[in-house]
K.L.:
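My structure is below; once you've seen it, I'll send some questions.
All of these numbers come straight from a predicted model, not from anything done at the bench.
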Amino acid sequence: MTAPLDTPMPTPSLLRRERQREETRARILEAARELFVANGVAATTMRAIAARIEYTPTAIYHHFRDKDALLAELCTNDFLALAGAFQRIGRIEDPIERIRRIGIAYVDFALDNKSQYQFLFMTPSSHVHGDGMKYVEKNNPEQDAYAFLRASVEEALKRGLFRTEFQDPDQLAQILWGGLHGIVALHIVKEHDDWIAWAEPRATARLAVDVLLRGTRRAEPA
């Protein structure tokens, strides 16, 4: 669809200013994420974020009216990035195989985006349950990564693919999630600790996915 003939085309200088603005916002968000992870959300001020990238606090406020607005955008961006990683799996008809692929995608996202993962799942705060999530639609599998996992678990339960002691889709989804989170969190926190000979995390996580599914799946008839 082409623009109307009377619509003025953006000038090169306008395009350059817009690109610079987006680059500045990205720098602010990255600096904020790093400080939130290192110091906690409550202890991180807008002034500290500005100092991190050698900006004045006033310059930061040109982009975000306050810390809550910055948090809202950061949470939205990071949660949608995780949901997008799940969406790239595509529609796999077998829910068990879909869950396995979700687990692999989750670990790959975590290890490829450690600062995002730490901010979302390893930073003590209430930001992911408050206004920071107002731009992510809860229970929408296209935006809510947990909803995507839960829907697949629920489908498998309804089809009788898990053992009978598992009836609650939230409980089972959290068992599967928790197992993989433990591997990822250990790697992120302890990867430079040579006291233990840590196994390669992606390979370990892939084995863990299979172990978790074998341990919860209903045995097929002989």
Side-chain angles (χ1 to χ4, degrees), residues 22 25-34 36-37 41 64 67-159 161-162 168-185 187-188 201-202 205-206 208-210 212-213 216:
E22 292 304 315
R25 287 178 72 88
R27 288 189 66 202
I28 294 169
L29 290 168
E30 182 61 29
R33 186 190 294 113
E34 291 172 358
F36 291 152
V37 170
V41 171
F64 300 97
K67 190 167 75 171
D68 287 341
L70 192 157
L71 270 170
E73 182 158 335
L74 191 57
C75 286
T76 297
N77 291 350
D78 288 358
F79 270 101
L80 291 181
L82 176 57
F86 286 4
Q87 292 299 318
R88 287 192 290 274
I89 293 170
R91 180 63 186 178
I92 299 172
E93 290 302 320
D94 178 1
I96 296 292
E97 176 60 18
R98 195 184 319 135
I99 292 166
R100 189 181 75 83
R101 294 282 295 277
I102 289 170
I104 292 171
Y106 176 83
V107 171
D108 284 343
F109 175 88
L111 297 179
D112 291 339
N113 305 277
K114 290 181 183 178
S115 64
Q116 289 173 289
Y117 187 85
Q118 287 177 279
F119 171 64
L120 293 176
F121 302 118
M122 298 175 66
T123 304
S125 77
S126 60
H127 61 272
V128 297
H129 303 298
D131 289 343
M133 291 293 286
K134 64 185 177 182
Y135 299 118
V136 177
E137 184 180 353
K138 185 177 180 179
N139 298 325
N140 177 355
E142 294 184 0
Q143 298 185 8
D144 181 344
Y146 178 72
F148 189 90
L149 170 62
R150 187 191 184 283
S152 298
V153 169
E154 186 172 38
E155 180 182 343
L157 284 170
K158 289 179 177 177
R159 289 171 58 173
L161 300 178
F162 285 114
D168 183 342
D170 285 298
Q171 183 184 59
L172 183 51
Q174 289 161 31
I175 289 171
L176 300 171
W177 178 17
L180 294 181
H181 171 73
I183 292 171
V184 170
H187 172 73
I188 290 174
R202 292 180 204 266
R206 280 160 170 72
V209 171
D210 291 335
L212 287 164
L213 289 174
T216 54

K.L.:
To the closest 0.5 Å, what do you measure between CG (Asp68) and CD (Glu73)?
P.N.:
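Asp68 atom CG to Glu73 atom CD measures 13.5 Å (nearest 0.5 Å).
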K.L.:
In this structure, which one of Leu82, Asp78, Ile104 forms a side chain to side chain contact (heavy atoms under 4.5 Å, CB included) with Phe109?
P.N.:
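Only match with Phe109 under side chain to side chain contact (heavy atoms under 4.5 Å, CB included): Leu82.
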K.L.:
Looking only at heavy atoms, what is the nearest atom pair of Ile188 and Met122, with distance?
P.N.:
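For Ile188 versus Met122, the nearest heavy atoms are CD1-SD, 4.1 Å.
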K.L.:
Less than 4.5 Å apart, side chain to side chain, heavy atoms only: is that true for Asp108 and Arg206?
P.N.:
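They are in side-chain contact.
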K.L.:
With side chain to side chain contact (heavy atoms under 4.5 Å, CB included) as the criterion, how do Leu157 and Val153 come out once you've worked through the C-alpha distance, each side chain's angles and the decisive distance to 0.1 Å?
P.N.:
CA-CA 6 Å; Leu157 284 170; Val153 169; 4.1 Å; yes
K.L.:
Any sub-3.5 Å donor-acceptor pair from Asn113's side-chain atoms to Gln116's backbone N or O?
P.N.:
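Checked: no pair found.
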K.L.:
For His187 and Lys114, what are the C-alpha separation, side-chain angles and deciding distance, and is it a side chain to side chain contact (heavy atoms under 4.5 Å, CB included)?
P.N.:
CA-CA 10 Å; His187 172 73; Lys114 290 181 183 178; 3.5 Å; yes
K.L.:
Can you tell whether the side chains of Arg100 and Glu97 come within less than 4.0 Å, N to carboxylate O?
P.N.:
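Counted as a salt bridge, because a side-chain N and a carboxylate O are separated by less than 4.0 Å.
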K.L.:
So Glu30 and Arg27, side chain to side chain contact (heavy atoms under 4.5 Å, CB included) or not? Walk me through it.
P.N.:
CA-CA 5 Å; Glu30 182 61 29; Arg27 288 189 66 202; 5.8 Å; no
K.L.:
So how far is it from Leu172 CG to Ser152 OG, rounded to the nearest 0.5 Å?
P.N.:
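Taking CG in Leu172 and OG in Ser152, the distance rounds to 11.5 Å.
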K.L.:
Ring of Phe64, cation from Arg25 - is the NZ or CZ under 6.0 Å from the centre and inside 45° of the axis?
P.N.:
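Yes, a cation-pi geometry holds between Arg25 and Phe64.
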K.L.:
On a heavy-atom basis, which atom in Ala85 and which in Ala105 lie closest, and how many Å separate them?
P.N.:
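Residues Ala85 and Ala105, closest heavy atoms: O-CB, 4.2 Å.
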K.L.:
With side chains defined as the heavy atoms from C-beta onward, is the minimum distance between Leu74 and Phe36 less than 4.5 Å?
P.N.:
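Of all side-chain heavy-atom pairs linking Phe36 with Leu74, at least one is under 4.5 Å.
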K.L.:
Is the shortest heavy-atom distance from the side chain of Cys75 to the side chain of Phe119 under 4.5 Å?
P.N.:
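Yes, side chains in contact.
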K.L.:
Could you tell me if Glu137 and Asn140 have a donor-acceptor pair between their side chains, going purely by distance under 3.5 Å?
P.N.:
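Distance-only check passes for Asn140 and Glu137.
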K.L.:
Check the pair Val107, Leu111 against side chain to side chain contact (heavy atoms under 4.5 Å, CB included), reporting the backbone distance first and the verdict last.
P.N.:
CA-CA 6 Å; Val107 171; Leu111 297 179; 3.8 Å; yes
K.L.:
Run the numbers on Arg202 and Asp112 for salt bridge (charged side-chain N to carboxylate O under 4.0 Å, His left out), then give the verdict.
P.N.:
CA-CA 11 Å; Arg202 292 180 204 266; Asp112 291 339; 2.7 Å; yes
K.L.:
Are the ring centres of Tyr117 and His181 closer than 6.0 Å?
P.N.:
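Yes.
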K.L.:
For residues Ile183 and Pro201, report the shortest heavy-atom separation together with the two atoms involved.
P.N.:
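Between these two residues, the closest heavy atoms are CG2-O, 4.2 Å.
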K.L.:
Look up atom CZ in Arg150 and atom CZ in Phe148, then write down how far apart they are to the nearest 0.5 Å.
P.N.:
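Between atom CZ of Arg150 and atom CZ of Phe148 there are 14.5 Å.
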K.L.:
Are Lys158 and Glu155 within salt-bridge range, i.e. N to O under 4.0 Å?
P.N.:
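No salt bridge links Lys158 with Glu155.
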K.L.:
Please confirm whether the backbone N or O of Lys138 pairs with a side-chain atom of Asp144, one donor and one acceptor, at under 3.5 Å?
P.N.:
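No: the side chain of Asp144 does not pair with the backbone of Lys138.
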K.L.:
Starting at CD of Gln118, measure out to CZ of Arg33 and round the result to the nearest 0.5 Å.
P.N.:
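Interatomic distance, Gln118 CD to Arg33 CZ, rounded to 0.5 Å: 10.5 Å.
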K.L.:
Mind listing the closest non-hydrogen atom pair of Ala156 and Ile96 along with its distance?
P.N.:
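Here Ala156 and Ile96 meet closest at CB-CD1, 4.1 Å.
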K.L.:
Taking all atoms of both residues into account, what is the closest heavy-atom pair of Asp168 and Asp170, and its distance?
P.N.:
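For Asp168 versus Asp170, the nearest heavy atoms are OD1-N, 2.9 Å.
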K.L.:
Can Arg101 and Asp94 be said to form a salt bridge (charged side-chain N to carboxylate O under 4.0 Å, His left out), step by step?
P.N.:
CA-CA 11 Å; Arg101 294 282 295 277; Asp94 178 1; over 6 Å; no
K.L.:
Which class fits the ring pair Trp177 and Phe121: parallel under 30°, tilted 30 to 60°, perpendicular over 60°?
P.N.:
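Plane angle over 60°, so perpendicular.
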K.L.:
Can you tell me how far CD1 of Ile99 sits from CD1 of Ile92, rounded to the nearest 0.5 angstrom?
P.N.:
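Nearest 0.5 Å value for the CD1-CD1 distance: 10.5 Å.
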K.L.:
Check whether any side-chain N or O of Ser115 sits under 3.5 Å from a backbone N or O of Glu34 as a donor-acceptor pair, and report yes or no.
P.N.:
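Looks like no, no N/O pair under 3.5 Å.
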K.L.:
Return the minimal non-hydrogen interatomic distance between Val41 and Lys67, and the atom names on each side.
P.N.:
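Looking at all heavy atoms of both residues, the shortest contact is O-NZ, 2.8 Å.
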